[in-house]
Amino acid sequence: MLICKGCSGRTDALAGKWDFDGTTAYEFDSKGSGAMLLTLADYDFTYEIKDNQLYIDFVNESAHDATYEFSVKGDTLILIGGEGTIGGTYELTKVHDKKADK
């Protein structure tokens, strides 16, 4: 399991945008806020990382708060569903900003 927290607390292993299936993505700002991005709506959330656990608390109560076990290997984020999920293992791919890569 890989968890990166910079010495200054500015960054974490989840920072950036992660694509699940072409229509669902998760974006993490490295400061504890993010959003689940869907085709027709975005759901803002706050998140916390403790050890290899990711806790997501959605602002909109129609989205279910969730806990995942996670690991990051290169450009792959693996989420294993825990409390508040239907379970299962999810593989997401890091989305690179073409402008930032130049």
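Numbering starts at 1 and runs along the sequence shown. For clarity, every value in this text was computed on a predicted model and none was experimentally measured.
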Glu91 and Leu77: CA distance, side-chain angles, deciding distance, side-chain contact (heavy atoms from CB on, under 4.5 Å) verdict: CA-CA 6 Å; Glu91 189 171 305; Leu77 168 61; over 6 Å; no
Heavy-atom donor-acceptor pair, Thr85 side chain to Gly82 backbone, under 3.5 Å: yes
Glu48, CD: over 12 other non-hydrogen atoms inside 6.0 angstrom: yes
Short side-chain donor-acceptor distance under 3.5 Å, Asn52 and Tyr68: no
Minimum heavy-atom distance between Ser30 and Ala15, given as atom pair plus value: CB-CB, 3.6 Å
Steps toward side-chain contact (heavy atoms from CB on, under 4.5 Å) verdict (Met36, Asp42): CA-CA 6 Å; Met36 179 174 62; Asp42 295 344; over 6 Å; no
Heavy-atom check, side chain of Leu14 versus side chain of Ile49, under 4.5 Å: yes
Mutual orientation of the aromatic rings belonging to Tyr26 and Phe28 [parallel < 30°, tilted 30-60°, perpendicular > 60°]: parallel
Linked, directly or transitively: Leu79 and Tyr55 (ILVMFWY side chains, under 4.5 Å): no
Side-chain donor or acceptor of Asp19 paired with backbone N/O of Thr93 under 3.5 Å: no
Full working for side-chain contact (heavy atoms from CB on, under 4.5 Å) between Asp29 and Tyr47: CA-CA 10 Å; Asp29 73 355; Tyr47 71 97; 4.1 Å; yes
NZ (Lys94) with more than 12 external heavy atoms under 6.0 Å: yes
Ile78 vs Phe70 side-chain heavy atoms within contact, under 4.5 Å: no
